[in-house]
Every structure is written in C-alpha cells, then in structure tokens.
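Chain identifiers are assigned alphabetically (A, B, ...) following the order of the sequence lines, protein sequences preceding nucleic acid strands; residue numbering begins at 1 within each chain. Side chains are part of it too, since the values below use all heavy atoms of this structure and drop only hydrogens, waters and symmetry mates.
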There are 2 protein chains.
Amino acid sequence: MARLSDIIEDFIKTLLKESEGELELQRNDLASYFDCAPSQINYVLATRFTLNHGYYIESRRGGGGYIRIVRLDTDKDDYLFYLLKEGIGKELSEQEAVQHLQRMVEQNFISKRDAYIIKSAISDKAIAIPSTLKDGIRASIFKSILAALLSLDEKK
Amino acid sequence: MARLSDIIEDFIKTLLKESEGELELQRNDLASYFDCAPSQINYVLATRFTLNHGYYIESRRGGGGYIRIVRLDTDKDDYLFYLLKEGIGKELSEQEAVQHLQRMVEQNFISKRDAYIIKSAISDKAIAIPSTLKDGIRASIFKSILAALLSLDEKK
DNA sequence: TTTATTGACTTTCTTTGACCTTAATTATAT
DNA sequence: ATATAATTAAGGTCAAAGAAAGTCAATAAA
C-alpha cells in the first residue's frame with residue numbers, strides 16, 4: 001500500500017498542475033479529505049515541498065487562514081534553479097554570493113539594481129551575528145531570495 | 001472565506017483614494033454597512049492603519065463624533081532616511097517589516113516585485129536562527145537594504 | 001534505523017459583545 | 001435666562017470565543 005504521505009504529495013501536485021503552479025488550500029480541509037491528522041499535512045509539506053524541491057510555501061493562521069503553495073518556475077532560468085537545488089549548500093560565504101550575483105546579472109536575469117539590493121541584504125555587515133553562523137544564515141536568505149525570483153507571480 | 005477585516009481595509013483604502021488621502025467616517029455607519037460589531041472597525045484600524053502603515057487616526061466621541069483617517073504622504077528619501085536613522089531600532093519583527101514594506105509600495109517608493117524580494121530576505125523562515133536573535137538580525141538587514149535604496153537614489 | 005502517523009498543546013489572527021468614557025442635547029430647577 | 005441634571009449619541013477598551021495553522025514528541029511502520 002502506498003504511503004498516505006505520497007498520496008497527499010501526488011494530490012497536491014495534481015492540483016498545482018491544474019492551477020498553473022499556484023495554489024491556496026485549507027489545512028483542515030485537506031486533512032479531513034484524507035482523514036488524517038492535520039499535522040500530517042505539515043509533514044508532507046516539510047518533506048516534499050521545500051525550497052530545495054522547488055516549492056515555496058506561505059501561510060497564515062487564524063480566521064480565514066490558508067496555506068499557499070507555489071511551484072517555482074523551472075523554465076524561467078536553469079541556472080537559478082540549479083543554484084537553488086544544488087548549487088548552494090548549507091553555507092554560503094559573502095564572496096561566493098557576490099559571484100553568483102554577478103553571474104545572474106550577466107545572464108540578464110536580474111538587474112544591476114536588484115543585485116545591489118540583494119547584495120546589501122546578504123552582506124557580512126548586514127548579517128550581524130557570530131561569524132560561525134553567518135554563512136548558514138546567508139545560504140538560507142539567498143535561497144529564499146532565489147525562490148522569490150523564481151516565483152511565478154510576476155505581479156509581485 | 002475572505003476575511004471581513006480585509007474587505008473593510010480595502011473599502012477604506014478605496015474611499016481614501018477617492019478623497020485624496022483624507023477621510024472622515026462614522027464608526028457605527030461602517031459597522032452596520034458591513035453588518036459587524038463596531039469594535040471590528042477599531043480592529044481593522046489598529047491592525048492595518050497604523051503609523052508604520054503610514055496612516056494617522058484621529059477621533060472624537062459623543063454626539064457628532066467621527067473617525068478621521070489620514071494617509072501620510074511623504075517624500076521618498078526623507079522617509080527612507082528617517083526610517084533608517086530613527087524609525088527602526090535595534091530590533092524589527094517580521095510583522096513590522098512587512099508594514100514598512102506595504103507602505104513603501106503604497107507610496108510607490110518601491111515596486112511590488114522589490115517588496116516581494118525584500119520580504120523573502122527578511123522573512124522568519126529565511127532567517128533560520130533562534131528566535132531571540134531574529135529581530136536583531138532583521139533590523140540590521142532591513143537597514144542595510146534601506147541604505148542601498150537611498151544610495152541608489154543618489155546615483156541618479 | 002529511518003520515515004510516517006498521530007495527537008496534545010501552542011501561537012496567531014479574527015470576530016463578538018459587554019462595559020466604559022466623552023460630548024452634545026434636552027429637560028429641569030432656580 | 002441660567003445653571004444643572006438627565007438623556008442620548010457617539011467612539012474606546014478589553015477579554016472571551018472562535019478559527020485557523022504550527023510544533024514537537026511519542027508511537028508505529030517500513
């Protein structure tokens with residue numbers, strides 16, 4: 001018997017296909033649809049819809065709350081997608097980050113202005129914590145920015 | 001399922017646009033128009049029309065009472081400079097950061113795309129460290145970005 | 001041993017209502 | 001006519017209830 005988590009994963013991916021890569025759902029609805037604990041939805045999201053997998057999750061609690069799942073656009077830019085999935089590991093130095101940004105500008109994926117803003121966000125000065133932690137934070141911030149850039153939603 | 005508070009927020013913002021940023025209304029009228037408790041109007045104002053959001057609220061009780069909402073329009077560089085120098089202290093919550101970003105978008109200081117990228121950089125998820133440190137890092141990253149935005153303006 | 005499942009508990013956000021304060025108007029007493 | 005009291009007409013506050021999602025650790029399954 002296929003694991004429920006896999007079934008839920010497939011279900012969400014089907015929904016995403018039908019809705020062109022962007023989807024808002026109610027955790028409790030989905031849980032009761034599959035007759036499982038609500039927290040299992042979180043488990044599925046945490047293990048199969050991470051940034052590294054190419055998905056971006058947003059959510060809100062309270063009345064009218066939701067979970068929003070965005071499939072990042074693979075076609076948009078292979079290099080960025082590669083960076084997000086494999087090119088950036090657990091840590092990223094300032095120097096490496098700047099090199100990535102340079103290349104992104106050269107490839108015309110972001111403007112010089114974008115690069116300048118992003119650089120300011122991930123600079124050593126901005127990340128004012130003990131240096132042992134810096135590269136880890138920088139990696140996660142950089143990935144988060146890549147996800148935003150790859151996000152389908154052009155309006156934003 | 002759309003939150004009533006959001007609908008009321010939009011309604012007020014539409015009115016504000018029509019009246020060039022200044023508006024007087026009756027709490028009870030608005031509440032009965034939306035068929036909600038009067039105190040929900042206060043909730044909307046308290047959560048969506050704060051100073052950080054760029055609004056100023058004045059009111060008066062008793063007969064002939066009113067609520068006056070004023071959108072604070074400012075000069076871009078003045079605002080960024082103020083925010084950088086005084087408006088943001090040692091710590092900045094994600095919520096506050098988003099409020100500032102919303103205001104910057106509404107005032108056309110930055111694009112929605114910019115805001116989206118910046119938001120991704122300062123989100124709780126991106127800053128993956130113990131929560132006691134998060135707001136401090138966020139403040140310093142946010143300031144660093146503000147400084148970048150300011151210096152981009154100077155280049156012109 | 002790793003991966004899934006479950007459920008108790010927590011946090012966040014929204015909605016509602018009971019009660020409080022302030023201002024204006026109207027009625028009453030001097 | 002005037003000062004005062006009562007009434008009415010606003011808006012404010014706060015806490016409780018409700019509506020979501022998140023976390024984490026214990027167990028179960030593979």
Think [X] has a side-chain N or O under 4.0 angstrom from the OP1 or OP2 of [N]?
{"X": "A/S39", "N": "D/dC24", "value": "no"}
{"X": "B/S5", "N": "C/dC13", "value": "no"}
{"X": "A/N28", "N": "D/dA21", "value": "yes"}
{"X": "A/R60", "N": "C/dT14", "value": "yes"}

Grab the [atom1]-[atom2] distance between [X] and [N] for me, whole Å please.
{"X": "B/Y66", "N": "C/dT22", "atom1": "OH", "atom2": "P", "answer": "16 Å"}
{"X": "A/Q40", "N": "D/dT27", "atom1": "CD", "atom2": "P", "answer": "18 Å"}
{"X": "A/L4", "N": "D/dA28", "atom1": "CG", "atom2": "P", "answer": "18 Å"}
{"X": "B/Q26", "N": "C/dA23", "atom1": "CD", "atom2": "P", "answer": "16 Å"}
{"X": "B/I8", "N": "C/dT15", "atom1": "CD1", "atom2": "C1'", "answer": "10 Å"}
{"X": "B/N42", "N": "C/dT16", "atom1": "CG", "atom2": "C1'", "answer": "13 Å"}
{"X": "A/L30", "N": "D/dG22", "atom1": "CG", "atom2": "P", "answer": "12 Å"}
{"X": "B/I41", "N": "D/dG11", "atom1": "CD1", "atom2": "C1'", "answer": "12 Å"}

[X], nearest nucleotide to its side chain (from [options]):
{"X": "A/Y43", "options": "C/dT16, C/dT3, C/dG7", "answer": "C/dT3"}
{"X": "A/C36", "options": "C/dT6, C/dG17, C/dT14", "answer": "C/dT6"}
{"X": "B/R61", "options": "C/dT16, D/dG12, C/dT14", "answer": "D/dG12"}
{"X": "A/R27", "options": "D/dT13, D/dT23, C/dT16", "answer": "D/dT23"}
{"X": "A/I67", "options": "C/dT6, D/dA21, C/dT16", "answer": "D/dA21"}
{"X": "A/R48", "options": "C/dT6, D/dC14, C/dA4", "answer": "C/dA4"}
{"X": "A/D6", "options": "C/dG17, C/dA4, C/dT14", "answer": "C/dA4"}

Heavy-atom distance under 4.5 Å between the side chains of B/R60 and B/R68, does that happen here?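 Not in contact.
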Base, sugar-phosphate, or nothing for B/Q95, non-hydrogen atoms under 4.0 angstrom?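 Here B/Q95 touches the backbone only, sparing every base.
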Hey, what's the ring geometry for A/Y79 with A/H100, parallel, tilted or perpendicular (30° and 60° as the breaks)?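 Plane angle between 30° and 60°, so tilted.
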Test: B/E9 and B/R3 ion pair at under 4.0 Å: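 Judged by the 4.0 Å cut-off on N to carboxylate O distance, B/E9 and B/R3 do not form a salt bridge.
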Taking the six-membered ring where the residue is Trp, are the ring centres of A/Y56 and A/F49 under 6.0 Å apart?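 Here the rings of A/F49 and A/Y56 have centres that are no less than 6.0 Å from each other.
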Does a side chain donor of either A/Y33 or A/Q26 reach within less than 3.5 Å of an acceptor in the other side chain?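 A/Y33 vs A/Q26: no donor-acceptor pair found between side chains.
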